[in-house]
Colleague: 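Would you mind keeping the following structure in view while I ask a few things?
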Amino acid sequence: MIAPPDATPLPRHFFDRPVLEVAPDLLGRVLVRTTPDGPIRVRLTEVEAYDGPNDPGSHAYRGHTARNDVMFGPPGHVYVYFTYGMWFCMNLVCGPEGNPSAVLLRAGEIVEGAELARKRRLSARNDKELAKGPARLATALDVTRELNGTDACAAGDTPLRILTGTPVPADQVRNGPRTGVSGDGAVQPWRYWVANDPTVSPYRAHAPRRRSS
DNA sequence: CGCGTGATTCTCT
DNA sequence: GAGAATCACGCGG
């Protein structure tokens, strides 16, 4: 019997391309998180590209460190980072090994396991908000530091993988400036989203924090 | 609805 | 020591 599209992982070579090609092509793909209580599936509606060692917005801009190590590894793996003292965000590594490019997964529509996601997203006022924002998406899927380096292209019963899903036609893809990025990196129009999708997060320009004392 | 601010800790300078 | 690829909440209109 033939596996349905939603059961087929994206092949590794999907990610072994320039990140600006991969990012819009990820819209409509389905991320599956396997938990002890059952699967959670998310249809991706918003992503952001970070393009190699010369992108001033990228965590890899200042070289190879312990935190960004996974970005320098093979494509198709999950890079999870911790930020603002509280939150995790997840990326999928792109391009050839050694070239530190990645796509930040910013938002999606929960298509299965919403009851499991709600348990971790108690402040969400409705299901559209469950994964509306990169840290919300990671929280809804219970993605933390432990999943850093996971191979999202592996077959079988892995904790997190990315399936073929149904790609979004090019005429429904929009793009604009990246969110939350400071300095020169902010101007790149490398945030991609699905037109008129209610699960896409609102745009917010980066706001530097003042010192408290 | 838009805007401002506190939360909380890791990472790199 | 500063700033962070963010979120939630309170306030004012």
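These values consider heavy atoms only, across backbone and side chains, with no hydrogens, waters or symmetry-generated copies. Reminder, nothing fancy here: chain letters follow the sequence lines and each chain counts from 1.
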Colleague: Under 5.5 Å centre to centre and under 30° between planes: does that hold for A/Tyr50 and the six-membered base ring of C/dA5?
Modeller: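 Stacking is present between C/dA5 and A/Tyr50, given that their ring centres fall under 5.5 Å apart and the planes under 30°.
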Colleague: Do the rings of A/Phe88 and A/Phe82 sit parallel, tilted or perpendicular, given the 30° and 60° boundaries?
Modeller: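 Aromatic pair A/Phe88/A/Phe82 classed tilted.
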Colleague: For the residue pair A/Met90 and A/Leu31, establish whether any side-chain heavy-atom pair is separated by less than 4.5 Å.
Modeller: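 A side-chain contact under 4.5 Å exists here.
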Colleague: Using a 3.5 Å cut-off on both pairing distances, which stems of three or more Watson-Crick or G-U pairs include DNA chain B?
Modeller: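 Stems (3+ consecutive pairs) listed as B:1-7 with C:6-12, B:9-12 with C:1-4.
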Colleague: Tell me whether A/Arg178 is salt-bridged to A/Glu48, with the criterion being a basic N under 4.0 Å from an acidic carboxylate O.
Modeller: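 The answer is no: the pair does not qualify as a salt bridge.
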Colleague: Could you write nucleotides 8-13 of chain C as a row of B, S and -, 5' to 3', where a protein heavy atom under 4.0 Å of any base atom gives B, of only sugar-phosphate atoms gives S, and otherwise -?
Modeller: S-----
Colleague: With sequence neighbours left out, what residues match A/Arg145 under side chain to side chain donor-acceptor pair (under 3.5 Å)?
Modeller: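 A/Arg145 satisfies side chain to side chain donor-acceptor pair (under 3.5 Å) with no other residue.
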Colleague: Between atom CG in A/Leu104 and atom C1' in C/dT6, what is the gap in whole Å?
Modeller: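 My rounded result for the distance is 11 Å.
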Colleague: More than 12 foreign heavy atoms under 6.0 Å from CZ of A/Arg62: is that the case here?
Modeller: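 Not more than 12 within 6.0 Å, no.
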Colleague: Listing time: all N or O pairs from protein to nucleotides 9-12 of chain B that are below 3.5 Å?
Modeller:
| unit_1 | atom_1 | unit_2 | atom_2 | d |
| --- | --- | --- | --- | --- |
| B/dT9 | O4' | A/Gly85 | O | 3.4 |
| B/dC12 | OP1 | A/Thr65 | OG1 | 2.3 |

Colleague: Side chains of residues 147-160 of chain A: which donor-acceptor pairs under 3.5 Å do they make with residues two or more places apart or in other chains?
Modeller:
| unit_1 | atom_1 | unit_2 | atom_2 | d |
| --- | --- | --- | --- | --- |
| A/Asn148 | OD1 | A/Val80 | N | 2.9 |
| A/Thr150 | OG1 | A/Leu147 | O | 2.7 |
| A/Asp151 | OD1 | A/Arg12 | NH1 | 3.1 |
| A/Asp151 | OD1 | A/Arg12 | NH2 | 3.4 |
| A/Asp151 | OD1 | A/Cys153 | N | 2.9 |
| A/Asp151 | OD2 | A/Arg12 | NH2 | 2.8 |

Colleague: Would you mind reading off the distance between A/Arg178 atom CZ and C/dA4 atom P, rounded to a whole angstrom?
Modeller: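 Nearest whole value for this atom pair: 14 Å.
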Colleague: Send over the distance from A/His59 NE2 to C/dT6 C1', rounded to a whole Å.
Modeller: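 Going from NE2 in A/His59 over to C1' in C/dT6 covers 12 Å.
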Colleague: Using whole Å, report how far CD of A/Glu48 lies from C1' of C/dT6.
Modeller: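 In whole Å, C/dT6 C1' and A/Glu48 CD are 12 Å from each other.
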Colleague: Please report, rounded to the nearest Å, how far the P atom of C/dT6 is from the CD atom of A/Glu46.
Modeller: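 So the CD-P distance, A/Glu46 to C/dT6, works out to 10 Å.
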Colleague: Which atom pair, heavy atoms only, marks the closest approach of A/Gly108 to A/Thr199?
Modeller: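 That closest heavy-atom pairing would be O-CB, 3.5 Å.
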Colleague: Can you give the donor-acceptor pairs under 3.5 Å from side chains of residues 131-142 of chain A to other protein atoms, not counting sequence neighbours?
Modeller:
| unit_1 | atom_1 | unit_2 | atom_2 | d |
| --- | --- | --- | --- | --- |
| A/Lys132 | NZ | A/Pro198 | O | 3.2 |
| A/Arg136 | NH1 | A/Lys132 | O | 2.9 |
| A/Thr139 | OG1 | A/Ala135 | O | 2.7 |

Colleague: Are the side chains of A/Phe14 and A/Ile162 in touch, meaning some heavy atoms are under 4.5 Å apart?
Modeller: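 SC-SC contact between A/Phe14 and A/Ile162 ruled out.
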Colleague: Rounded to whole Å, how long is the line connecting atom OH of A/Tyr203 with atom P of B/dC1?
Modeller: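 Rounding to the nearest Å, OH of A/Tyr203 and P of B/dC1 are 19 Å apart.
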Colleague: State whether a side-chain donor-acceptor pair under 3.5 Å links A/Thr35 with A/Asp37.
Modeller: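 No, because no side-chain N or O of A/Thr35 sits under 3.5 Å from a partner of the opposite role on A/Asp37.
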Colleague: Kindly give the heavy-atom pair with the smallest separation between A/Phe15 and A/Leu26, and that separation in Å.
Modeller: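 So the two residues come closest at CE2-CD2, 4.0 Å.
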